[in-house]
*Asks:* 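A single structure is presented below for examination.
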Protein chains: 2
Amino acid sequence: MPNTQPPIQLNSQLCFQLYTANKKFNKFYQDALSPFSLTYPQYIAMLTLWQYAPLSVKELGNHLHLDSGTLTPLLKRLESHNWIKRERSHKDERTVIIQLTHMAVTNRDSVFKRVSNCFKVLNLTPQEKAACSETIATIEAHLDHYNEQHNAN
Amino acid sequence: MPNTQPPIQLNSQLCFQLYTANKKFNKFYQDALSPFSLTYPQYIAMLTLWQYAPLSVKELGNHLHLDSGTLTPLLKRLESHNWIKRERSHKDERTVIIQLTHMAVTNRDSVFKRVSNCFKVLNLTPQEKAACSETIATIEAHLDHYNEQHNAN
DNA sequence: AGCAATTTAATTGCGAACAATACGTTATTT
DNA sequence: AAATAACGTATTGTTCGCAATTAAATTGCT
C-alpha cells in the first residue's frame, strides 16, 4: 500500500522558505534602488516602461498583473519623483497614457549599472541564476494552472 | 578581452520573475487558507506557534524575521479570530506571551489537510519541490551574505 | 439619427501587510 | 537613584487586492 499521507513538513518548509526569501530579496532591491528614490515595485514598473513606453495604465497593468487600483497611486508617486508623465489620451478620454520623462531616459543606464553592481556582489554564478530562473518558471506554470482552475474569470 | 558588460537582461528577468511568481504564490495560499480566515503571513505565524508556542512577541519575531511593529497588529487580528491569546508575562511586564487557543489546537490538522490538498492539486513532483527548496536556499544564502555586509547591525 | 443600456478605463476607499521611526513603560546596570 | 537597555505600541508611507464610483465610448434598438 502506497503512502498517501500528505508531506506536511516539506510543504510547510517550502512555504516558509519562499516567505522569508522573498522578504530578503525585497530588502536587497530596496538597498540597490535607494539612491534613485525607487521602490522595488516602482522599479518593476519602470523596467516595463523603459522597454515599452508609452503605455496606458491598463496595458501596464497587463504586463505586471496589477489592476489600476494598485497602479494609480504607484504611478502618481513615480510622477511626483519626475520619472514619468501621465496624460489622458485625446483619442479616448478614458485612458491615461504613461510616458517617460527626459530624466528617466537619461538615468536609465545609471540605474541598470547600480543594480548590476549589486548583483555582482551577490556573487551568483550564471548557473545559479539560470537554475533559479528555471525553477521559478516551473513553479509558476503549476501556479498558473492552479489559479486558472480556481478563479472564475 | 573578456566581456565585462553587465548581463542586464538576465538580472531584470530574474527580478521580474520573482516578483510575479511571489504574487501568484500569495494568491495560491490565500485561496487555500480562505476557509479559515487566515492570511498567508498569519498562517506562517501560526505554523511557528503550532510548533513552539508559547512564545513572546520578540521570540516569534526572531523566527519570522519580523519586528514587533509588524507583528503586533497581525497578532491582534489572529486574536480577534480566536486563534491565539495574548497576555503579559508576570515575570517581566514588558513582554507579551502568545499562546494557542483551544480552537487553534483542535483545528490544526484541518488546516494542514486543506493546505496539503491544495498542494496536491498543484501537482509538483517531489523532485520539483526539492529543486525549488534547494534553489531558494542557495539564493537565500547569497542574500544573507549581502545583507549582512550592507546593514550595520 | 438619436437615445438607452452596456462595457470599459481610471480613480477612490477599505483592509491587510510590511518597514522604519518615534514613544512610553518596565528592567537592568552602574 | 540615574542612566541605559529592552520591549511592545503607535504612527506614517508604500504596496496589494477588492469593491464601488465616475466618466467616456460602444452597442443595440427604434
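Every chain is numbered from 1, with letters handed out A, B, ... down the list of sequences. Side chains included, hydrogens not; waters and symmetry mates left out as well; all remaining heavy atoms used.
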*Asks:* Under 3.5 Å, is there a donor-acceptor pair linking the side chains of B:S133 and A:Q17?
*Replies:*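 There is such a pair (donor and acceptor under 3.5 Å, judged by atom type) between the side chains of B:S133 and A:Q17.
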*Asks:* Calculate the interatomic distance between B:I97 atom CD1 and D:dA6 atom C1'; express it in whole Å.
*Replies:*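 Distance, rounded to whole Å: 14 Å.
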*Asks:* When the nearest nucleotide of DNA chain D is assigned to A:H65 and to B:S56 on a heavy-atom basis, which residue is associated with the more 5' position?
*Replies:*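 Going by which nucleotide is closer to the 5' end, it is B:S56.
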*Asks:* Check this for me: does the side-chain of B:R94 come within 3.5 Å of the base of C:dT25 through a donor and an acceptor?
*Replies:*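 Flag unset: no donor-acceptor pair detected.
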*Asks:* Return the value, rounded to whole Å, for the distance between atom CG of A:L71 and atom C1' of C:dA10.
*Replies:*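 So the CG-C1' distance, A:L71 to C:dA10, works out to 11 Å.
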*Asks:* So, A:H63 side chain and A:E59 main chain: donor-acceptor pair closer than 3.5 Å or not?
*Replies:* yes
*Asks:* Within this structure, what is the NE2-to-P distance between B:H90 and C:dA27, rounded to whole angstrom?
*Replies:* 12 Å
*Asks:* Pick one: which of A:L78, A:L75, A:L47, A:I84 meets side chain to side chain contact (heavy atoms under 4.5 Å, CB included) with A:Q42?
*Replies:* A:L78
*Asks:* Does B:Y19 have a side-chain nitrogen or oxygen under 4.0 Å from the phosphate oxygens OP1 or OP2 of D:dC16?
*Replies:* yes
*Asks:* For B:T39, report the nucleic acid contact type (base, sugar-phosphate, nothing); a contact means any heavy atom under 4.0 Å.
*Replies:*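 Result for B:T39 = sugar-phosphate.
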*Asks:* Might you point out which heavy atoms bring A:P54 and A:I97 nearest each other, and give the distance in Å?
*Replies:* CB-CG2, 3.8 Å
*Asks:* Relative to the 5' end of DNA chain C, which residue comes earlier, A:S68 or A:K23, by the nucleotide with the nearest heavy atom?
*Replies:*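 In this pair, the answer is A:S68.
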*Asks:* How do B:Y40 and A:V96 order along DNA chain C: which one's closest nucleotide is nearer the 5' end?
*Replies:*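 Comparing both residues, the 5'-ward one is A:V96.
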*Asks:* Counting the atoms with a prime plus P, OP1 and OP2 as sugar-phosphate, which does B:T70 contact under 4.0 Å by heavy atoms, base, sugar-phosphate, or nothing?
*Replies:*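 Since a base atom lies under 4.0 Å of B:T70, the category is base.
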*Asks:* Are any of B:Q30's side-chain N or O atoms less than 4.0 Å away from OP1 or OP2 of C:dA16?
*Replies:*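 No.
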*Asks:* Between D:dG8 atom C1' and B:K76 atom NZ, what is the distance in whole Å?
*Replies:* 9 Å
*Asks:* May I have the distance from A:L74 (atom CG) to C:dA10 (atom P), rounded to whole angstrom?
*Replies:* 15 Å
*Asks:* Regarding A:R88, tell me which of base, sugar-phosphate or nothing describes its non-hydrogen contacts under 4.0 Å with the strands shown.
*Replies:*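 It contacts sugar-phosphate atoms only.
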*Asks:* In terms of side-chain heavy atoms of A:D67, which of C:dT11, C:dA10, D:dC18 is nearest?
*Replies:* D:dC18
*Asks:* What integer distance in Å separates B:I98:CD1 from D:dG8:P?
*Replies:* 8 Å
*Asks:* Find the distance B:L60:CG to D:dG8:P and express it as a whole number of Å.
*Replies:*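 Distance, rounded to whole Å: 10 Å.
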*Asks:* Check the angle between the aromatic planes of A:F25 and A:F119 and answer parallel, tilted or perpendicular using the 30° and 60° thresholds.
*Replies:*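 Ring orientation, 0 to 90° scale: perpendicular.
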*Asks:* Could you give the NZ-to-C1' distance, from B:K24 to D:dC16, as a whole number of Å?
*Replies:*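 After rounding, the reported distance stands at 16 Å.
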*Asks:* For A:N26, which contact category applies under a 4.0 Å heavy-atom criterion: base, sugar-phosphate, or nothing?
*Replies:* nothing
